[in-house]
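Written out below as structure tokens is the structure these notes cover.
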Amino acid sequence: GGGRERSQTLMELLQARAEEEMDSFTSQGLGNLAWALGRLGIAPSNSLLEAIMVRSMACMQDFSSQELANFLWGFAKLSPYGVTMSSEVMFSLQTHATRTHADWR
């Protein structure tokens with residue numbers, strides 16, 4: 001129906017806006033975005049996914065334990081939709097977590 005189409009259009013607009021603003025995202029914003037997408041079960045567009053991967057590498061050293069948890073949880077929830085993070089980002093997140101967050105060991 002019309003409501004579903006409006007919701008889809010809204011999600012497309014929000015994803016496009018997130019992609020436009022990606023350079024200003026902090027590690028907290030990335031964690032929140034991944035969590036929200038996972039919670040809603042909305043797979044990001046390929047271009048937004050690529051932007052998230054690039055930005056997460058730039059913010060890697062800033063991720064707190066909670067932000068890492070949110071980011072990883074969001075991607076875990078999206079895996080049934082075929083969404084995966086790049087192996088480079090996964091390796092960097094794992095390395096960062098084990099080096100800087102003792103509670104992750």
Side-chain angles (χ1 to χ4, degrees):
R4 185 175 187 88
E5 290 169 4
R6 281 192 296 272
S7 293
Q8 184 176 356
T9 300
L10 176 60
M11 288 299 112
E12 290 168 357
L13 289 171
L14 289 172
Q15 287 194 52
R17 180 62 182 205
E19 192 174 340
E20 289 171 8
E21 297 295 326
M22 190 56 58
D23 287 345
S24 67
F25 271 59
T26 62
S27 55
Q28 181 179 5
L30 290 165
N32 290 346
L33 177 60
W35 182 91
L37 291 169
R39 178 71 177 94
L40 294 171
I42 297 172
S45 65
N46 289 337
S47 58
L48 178 57
L49 180 60
E50 178 63 25
I52 292 170
M53 294 300 103
V54 169
R55 186 65 185 159
S56 66
M57 290 299 292
C59 295
M60 189 62 59
Q61 299 306 312
D62 300 328
F63 276 91
S64 69
S65 295
Q66 183 64 55
E67 293 158 359
L68 279 169
N70 289 349
F71 192 81
L72 293 171
W73 183 90
F75 275 92
K77 295 297 280 185
L78 292 172
S79 64
Y81 302 97
V83 176
T84 58
M85 71 175 66
S86 71
S87 57
E88 179 184 22
V89 170
M90 179 58 85
F91 178 77
S92 294
L93 285 169
Q94 181 182 12
T95 301
H96 173 67
T98 56
R99 283 186 184 163
T100 60
H101 301 288
D103 52 330
W104 281 63
R105 293 187 182 146

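Since this is a predicted model, take the numbers as computed values, not measurements.
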With clusters defined by side-chain heavy atoms of hydrophobic residues (ILVMFWY) lying less than 4.5 Å apart, directly or transitively, does [Y] cluster with [X]?
| X | Y | answer |
| --- | --- | --- |
| Leu40 | Leu13 | no |
| Val54 | Met60 | no |
| Ile52 | Met90 | yes |
| Leu14 | Tyr81 | yes |
| Phe91 | Val83 | no |

Test item: [X] and [Y] side chains (from C-beta on) under 4.5 Å apart, heavy atoms:
| X | Y | value |
| --- | --- | --- |
| Val89 | Phe71 | yes |
| Lys77 | Arg39 | no |
| Asp62 | Thr26 | no |
| Glu19 | Leu49 | no |

**Request:** Go through the structure and list residues passing salt bridge (charged side-chain N to carboxylate O under 4.0 Å, His left out) with Glu21, not counting sequence neighbours.
**Result:**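 If we apply the salt bridge (charged side-chain N to carboxylate O under 4.0 Å, His left out) test to Glu21, skipping adjacent residues, the hits are Arg17.
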
**Minimum heavy-atom distance between Glu67 and Ser27, given as atom pair plus value** = OE1-OG, 2.8 Å

**Complete:** Separation between CD (Gln15) and CG (Leu33), nearest 0.5 Å, reads 8.0 Å

**Request:** Kindly compute the distance separating CE (Met11) from OG (Ser45), expressed to the nearest 0.5 Å.
**Result:**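 One gets 13.0 Å once the value is rounded to the nearest 0.5 Å.
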
**Item:** Working for side-chain contact (heavy atoms from CB on, under 4.5 Å), residues Leu30 and Met22
**Value:** CA-CA 9 Å; Leu30 290 165; Met22 190 56 58; 3.7 Å; yes

**Message:** Under the rule for ring-ring contact (aromatic ring centres under 6.0 Å, His included), what residues qualify as partners of Phe25, not counting sequence neighbours?
**Reply:**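 Once residues adjacent in sequence are excluded, Phe25 has no partner under the ring-ring contact (aromatic ring centres under 6.0 Å, His included) criterion.
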
**Message:** Run the side-chain contact (heavy atoms from CB on, under 4.5 Å) test on Arg55 and Cys59 for me, step by step, so that the C-alpha distance in whole Å, both residues' side-chain angles and the decisive distance to 0.1 Å come before the verdict.
**Reply:** CA-CA 6 Å; Arg55 186 65 185 159; Cys59 295; 3.5 Å; yes

**Asked** Which other residues belong to the hydrophobic cluster containing Trp35, where Ile, Leu, Val, Met, Phe, Trp and Tyr are joined when side-chain heavy atoms lie under 4.5 Å apart, directly or via other members?
**Response**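 Listed partners: Trp73.
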
**Message:** Checking side-chain polar atoms at under 3.5 Å, does Asn70 have a donor or acceptor matched by the opposite partner on Gln66?
**Reply:** yes

